Amino acid sequence: MATERALAIPEIVSHIFFQFTIHPPHEARWRHNRTLARSARVSKSFMDPALDALWNHLDWLHPLLRLLSACKPVLFTNKARRGPIHFVKPISGSEPKHVWIFDGNICALEWERFETYARRVRSMSLELDGSVGPSVFAALARHNGGRPLFPLLRELSWMQWVPAFDGTHQMLASPHLRELHIDILVYPERKTHQEFLAGILERLLKEMSRISPDIKTIYLNGGFRRCPSVAAFKRLRCLQVSRQTSCRIDGAFMRSLSDLKDLTELSVPCAPQMKIPPSSQGFDSLTSLCLMSLDDSAMPFLSATTFPRLRSIAIHYHPKLPMKLNGCRNLIEDVTRACAKLPSLRKMCIEFGFDDGFRRAPPFLNFVRPLLSLTALEDVEIKCEYCTMPVENSDLREVAQAWPRLTRFSLAISSRLDYPLLPTVDCLVSFARACPSLKQLVLPSMAHSLPRARDMMMVPAIPAHGLQSLEFMTRPKVLVDLDVDFAHCLNRLFPRVSLSCSTVEFRRVAYKDGHMASSVLKWDALVNQVARLQSTRRRDNQRGTNDPDDNPEYECLQTSVIGDVEHQG
């Protein structure tokens with residue numbers, strides 16, 4: 001009876017069918033589409049929610065074009081025979097290509113079916129690659145009378161390969177559109193061509209603001225030199241400009257953004273031409289800021305602007321030439337001074353790279369120590385490129401003590417771990433004690449210098465810690481005969497942890513023939529051992545027994561550190 005009552009509620013039935021739209025990347029989508037299509041034929045109560053889920057997202061126009069007998073695909077083997085197709089994906093001249101053309105009339109019954117399904121589309125990824133000829137768009141626009149082709153469309157992703165528009169956007173845009181992605185895969189080298197592309201894109205956005213004034217998210221990518229204005233979208237909340245654009249960000253553009261009262265997320269590249277006025281106001285609602293800087297142009301903007309609600313900041317510092325040591329330290333100090341004025345800041349991501357000529361650097365803490373003064377941070381990600389940076393236990397212990405509110409900490413440095421100093425199990429103990437709210441921890445790698453396997457079992461247990469993810473950039477350098485003891489150690493520190501390793505997963509993909517490297521097999525054995533210990537702990541807790549790892553012999557270690565154990569006897 002409960003199932004019958006639940007299926008009588010349209011919202012529950014719709015939620016069930018939309019679960020079929022979620023599938024793993026490696027799994028074919030048509031399998032889920034077939035299930036939804038069959039479900040729509042079961043009953044009238046299933047038909048509408050199943051069709052809504054089936055037509056919710058389109059990756060191309062072909063499913064709708066198949067409903068019109070006048071639309072047919074024609075195979076072309078020569079670019080000259082295709083005619084004046086304005087949107088053509090770069091392919092070899094001899095490669096055959098199917099192009100949809102329009103030849104005939106659209107009958108009333110076919111158009112009724114077309115409109116019925118088009119009204120169910122909420123999201124579309126349109127790739128204008130020449131597979132749909134201009135005659136099709138012209139026929140659809142003529143038959144539709146200039147109205148939106150998808151009247152309830154909310155998300156539109158637009159991709160094309162040439163800097164030209166033929167008015168197709170006027171058919172696709174709708175008053176309900178809330179998210180717009182424009183990806184023009186053209187990167188001209190001449191400045192005049194870049195300016196021309198920017199002008200066309202700005203006119204397009206101006207027309208889109210008239211048709212779809214309530215757009216809240218805009219993503220732009222392409223080879224335009226000047227970032228087009230988006231000030232006409234008064235309800236804009238999120239603006240993302242791709243790093244590949246390398247467009248010029250000037251004071252006028254930033255002032256236009258500061259007038260948008262609802263803007264909460266901003267991600268822009270900072271080029272050398274960026275000029276910021278002495279005092280920048282506005283951005284009262286901004287909570288997330290990402291600056292992909294090519295030089296020091298981001299620092300004046302951060303110093304001159306007040307962000308009363310900013311909670312997340314990301315700075316990707318990628319100069320054309322690697323910085324020297326002093327330049328990198330100055331960058332960290334400037335970022336710290338700018339962030340010290342942000343009372344709501346809780347998340348920081350900083351990415352930089354430098355080269356001292358020897359591809360080595362002083363200890364990690366020598367760079368990030370100024371950042372430790374920002375004691376309210378809860379999510380910290382630090383990434384360093386080009387160099388090899390040693391990380392000591394004392395460094396990470398000081399980091400954990402400076403940021404006790406951490407929920408996520410990620411340290412990604414050079415993958416060439418040829419230096420002798422690596423964090424050991426001691427750093428895990430430090431994070432477990434100092435950061436009780438930590439949920440995710442990412443470290444470059446790990447080693448241990450314990451002289452005896454039994455000492456690994458003497459790590460004090462912290463059964464209440466909620467760390468969920470422990471990730472290493474490369475496989476930890478744990479001795480083979482101590483892998484089991486290392487698993488017991490992790491189980492005592494983080495009873496809910498899930499292990500992962502970027503390098504191992506990369507090698508796993510490389511070995512598609514089923515023959516795994518020995519390092520991959522050893523890592524899998526460690527992960528399985530941790531899973532078995534967690535399963536045993538859960539089973540024992542359900543039975544009401546005591547934790548088998550709790551031993552009065554080790555109670556004295558609750559107030560000590562594993563480093564003290566290393567130097568005993």
Side-chain angles (χ1 to χ4, degrees), residues 1-69 71 73 100 106 108-129 131-132 136-137 140 143-144 147-159 168-169 171-183 211-212 214-219 237-238:
M1 290 296 289
T3 303
E4 294 180 2
R5 291 196 301 268
L7 294 179
I9 302 176
E11 290 78 7
I12 294 181
V13 177
S14 178
H15 179 75
I16 292 175
F17 282 121
F18 267 91
Q19 300 307 307
F20 289 99
T21 63
I22 305 173
H23 56 90
H26 62 275
E27 188 173 343
R29 183 180 174 183
W30 63 266
R31 298 181 183 274
H32 298 262
N33 290 351
R34 177 180 294 179
T35 301
L36 292 172
R38 291 174 176 174
S39 301
R41 302 186 183 100
V42 172
S43 64
K44 292 183 178 180
S45 60
F46 280 11
M47 182 179 66
D48 283 337
L51 290 179
D52 286 341
L54 179 62
W55 290 92
N56 180 71
H57 176 80
L58 288 182
D59 287 321
W60 49 74
L61 291 176
H62 303 171
L64 283 173
L65 297 181
R66 294 191 183 100
L67 301 175
L68 306 176
S69 58
C71 289
W100 287 79
I106 301 177
L109 181 59
E110 291 178 345
W111 185 251
E112 182 179 355
R113 293 180 59 194
F114 185 97
E115 286 187 317
T116 299
Y117 293 128
R119 290 184 62 85
R120 301 180 186 272
V121 178
R122 299 295 185 270
S123 174
M124 174 179 292
S125 298
L126 185 62
E127 184 176 345
L128 297 181
D129 59 352
S131 61
V132 179
V136 175
F137 290 111
L140 293 177
H143 201 84
N144 200 37
R147 296 171 298 168
L149 198 60
F150 303 94
L152 300 180
L153 189 67
R154 297 183 65 87
E155 299 178 9
L156 174 61
S157 180
W158 183 304
M159 181 183 297
T168 307
H169 62 280
M171 294 188 300
L172 299 177
S174 74
H176 294 272
L177 196 64
R178 296 295 183 269
E179 187 170 334
L180 177 63
H181 290 228
I182 299 181
D183 196 350
I211 304 173
S212 309
D214 295 333
I215 290 180
K216 301 182 183 300
T217 301
I218 295 180
Y219 171 84
R237 293 182 179 178
C238 176

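If you're wondering where the values come from, they're calculated on a predicted model, not measured in any experiment.
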Legend entry - Interatomic spacing from CD1 in Ile215 to CG in Leu180 - rounded to 0.5 Å: 4.5 Å
Inset, instruction - Using a 4.5 Å cut-off on heavy atoms from C-beta on, say whether the side chain of Tyr117 contacts that of Leu67. - result: yes
Inset, instruction - Check whether any side-chain heavy atom of Trp60 lies under 4.5 Å from a side-chain heavy atom of Leu65, and answer yes or no. - result: no
Inset, instruction - Write down the atom of Phe150, the atom of Leu172, and the distance for their closest heavy-atom approach. - result: CE1-CD2, 3.6 Å
Legend entry - Atom pair SG (Cys238) and OH (Tyr219), whose distance is rounded to the nearest 0.5 Å: 11.5 Å
Legend entry - Donor-acceptor contact below 3.5 Å, side chain Arg122 vs main chain Arg120: yes
Inset, instruction - Examine His62 together with Trp100 and report whether their ring centres are nearer than 6.0 Å. - result: yes
Inset, instruction - Kindly indicate whether the side chain of Ser69, heavy atoms from C-beta on, has any atom under 4.5 Å from the side chain of Glu110. - result: yes
Inset, instruction - Flag the pair Leu126 / Met159 as yes when at least one side-chain heavy-atom distance between them is below 4.5 Å, and no otherwise. - result: no
Inset, instruction - Report yes or no: does Ser212 contribute a side-chain atom to a donor-acceptor pair with the main-chain N or O of Leu177 at less than 3.5 Å? - result: no
Legend entry - Gap separating the CD1 atom of Ile218 from the CD1 atom of Ile182, nearest 0.5 angstrom: 7.5 Å
Legend entry - Nearest-0.5 Å distance, NE2 of residue His143 to CH2 of residue Trp111: 5.5 Å
Inset, instruction - Dump the intermediate steps for side-chain contact (heavy atoms from CB on, under 4.5 Å) on Leu149 and Phe114, then the final yes or no. - result: CA-CA 10 Å; Leu149 198 60; Phe114 185 97; 3.8 Å; yes
Legend entry - Over all atoms of both residues, closest heavy-atom pair of Leu58 and Pro63: CD2-CG, 4.3 Å
Inset, instruction - Please list, chain by chain and in numerical order, all residues satisfying ring-ring contact (aromatic ring centres under 6.0 Å, His included) with His176, sequence neighbours excluded. - result: none
Legend entry - Spacing of CG belonging to Leu51 relative to CZ belonging to Arg119, to within rounding of 0.5 Å: 14.5 Å
Legend entry - Reported OG-to-CD1 distance for the pair Ser174 and Ile211, which is rounded to 0.5 angstrom: 9.5 Å
Inset, instruction - Establish, from distance only, whether the side-chain atoms of Ser123 and His57 form a donor-acceptor pair under 3.5 Å. - result: yes
Legend entry - Residues in salt bridge (Lys or Arg N to Asp or Glu O under 4.0 Å) contact with Glu115, at least two apart in sequence or another chain: Arg147
Inset, instruction - Please step through side-chain contact (heavy atoms from CB on, under 4.5 Å) for the pair His181 and Leu156, ending with a clear verdict. - result: CA-CA 6 Å; His181 290 228; Leu156 174 61; over 6 Å; no
Legend entry - Residue pair Leu61 / Met124: nearest heavy atoms and the distance that separates them: CD2-CE, 3.9 Å
